Amino acid sequence: VLRAGRPEQKATAYAARTLGSLVEGDEGHSRAAAIADAGAVEVLVGVLRAGRPEQEATAMAAMALANLAFGDEGRLTAIIEAGALDALVGVLRTARPSQGATAMAALALGNLTICGFGHIRALAIMKAGAFKPLVDVLRAGKPAEEVQDASSKDAARCSGVLHVRAAAIVEA
């Protein structure tokens with residue numbers, strides 16, 4: 001459905017949401033590995049690139065990538081090699097802070113910095129231009145409720161975003 005679908009179609013949003021939901025609670029990461037092995041990462045990145053921030057499929061593709069961004073280094077590397085960094089930063093640049101796609105793109109970027117060599121991925125995220133759009137989201141005022149929920153529930157998990165901020169400050 002994702003390969004054949006278009007971001008404006010409900011089926012595309014539902015398929016992306018389902019893939020993201022299947023990964024939740026996947027302690028052994030076997031479902032995440034099967035989803036990635038089926039080629040979902042590249043397709044989800046394609047949905048991000050083709051979609052607009054106001055489309056539900058864009059938010060659901062970012063959410064699925066956020067959920068897939070936990071686990072083994074191979075999958076995290078595959079997410080980056082598929083072009084997810086540029087696609088997620090693109091969502092941040094074009095979306096309004098109150099849109100669900102903004103929250104999910106920020107969460108996905110944060111999740112990419114958590115496991116293993118997160119500090120190296122944090123530098124890649126900074127080089128992809130995520131720092132300014134993330135700060136712009138913060139400056140826009142009260143974040144969307146989803147962003148607040150994500151930050152309160154996942155504060156410890158998303159602490160890797162601090163690596164991005166620190167690296168950008170050092171580089172500036």
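These numbers come from a predicted model, not from an experiment. Every heavy atom of this structure was used, including side-chain atoms; hydrogens, water molecules and symmetry mates were not. Position 1 is the first residue of the sequence, and the numbers go up from there.
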Approximate separation, where rounding is to 0.5 Å, of [X] [atom1] and [Y] [atom2]:
{"X": "Leu109", "Y": "Met126", "atom1": "CG", "atom2": "CE", "result": "13.0 Å"}
{"X": "Thr58", "Y": "Met104", "atom1": "OG1", "atom2": "CE", "result": "13.0 Å"}
{"X": "Met60", "Y": "Lys10", "atom1": "CE", "atom2": "NZ", "result": "9.5 Å"}

Does any part of the side chain of [Y], heavy atoms only, come nearer than 4.5 Å to the side chain of [X], both counted from C-beta?
{"X": "Leu48", "Y": "Leu65", "value": "yes"}
{"X": "Leu44", "Y": "Leu68", "value": "yes"}
{"X": "Leu107", "Y": "Asn111", "value": "yes"}
{"X": "Arg93", "Y": "Lys132", "value": "no"}

Quick one: does any side-chain atom of [X] pair with a main-chain N or O of [Y] as donor and acceptor, under 3.5 Å?
{"X": "Gln55", "Y": "Arg52", "answer": "yes"}
{"X": "Asn67", "Y": "Gly20", "answer": "yes"}
{"X": "Thr102", "Y": "Ser98", "answer": "no"}

How close do [X] and [Y] get, counting heavy atoms only, and between which atoms?
{"X": "Arg49", "Y": "Ala87", "value": "CG-CB, 4.1 Å"}
{"X": "Ala61", "Y": "Ala16", "value": "N-CB, 3.8 Å"}
{"X": "Arg75", "Y": "Ala33", "value": "NH1-N, 3.8 Å"}
{"X": "Ala59", "Y": "Ala101", "value": "CB-N, 3.6 Å"}
{"X": "Val41", "Y": "Ala82", "value": "CG1-CB, 3.7 Å"}
{"X": "Gln99", "Y": "Pro53", "value": "OE1-CB, 3.3 Å"}

Contacts of type side-chain hydrogen bond (donor to acceptor under 3.5 Å, both in side chains), residue Glu42, not counting sequence neighbours: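 With neighbours one apart ignored, the set is empty.
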
Partners passing side-chain hydrogen bond (donor to acceptor under 3.5 Å, both in side chains) against Arg31 (at least two apart in sequence or in another chain):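 For Arg31, no residue satisfies side-chain hydrogen bond (donor to acceptor under 3.5 Å, both in side chains) once neighbours in sequence are set aside.
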
Can you list everything that forms a side-chain contact (heavy atoms from CB on, under 4.5 Å) with [X]? Sequence neighbours excluded, please.
{"X": "Glu81", "answer": "Thr77"}
{"X": "Ile80", "answer": "Leu85, Arg121"}
{"X": "Ala105", "answer": "Leu88, Val91, Leu92"}

If you draw a 6.0 Å radius around CZ in Arg96, do more than 12 non-hydrogen atoms from other residues or ligands fall strictly inside?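 Not more than 12 within 6.0 Å, no.
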
Count I, L, V, M, F, W, Y as connected when their side-chain heavy atoms are under 4.5 Å apart, and connections chain through other members. Are Tyr14 and Ile35 then in the same cluster?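 In one cluster with Tyr14: Ile35, no.
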
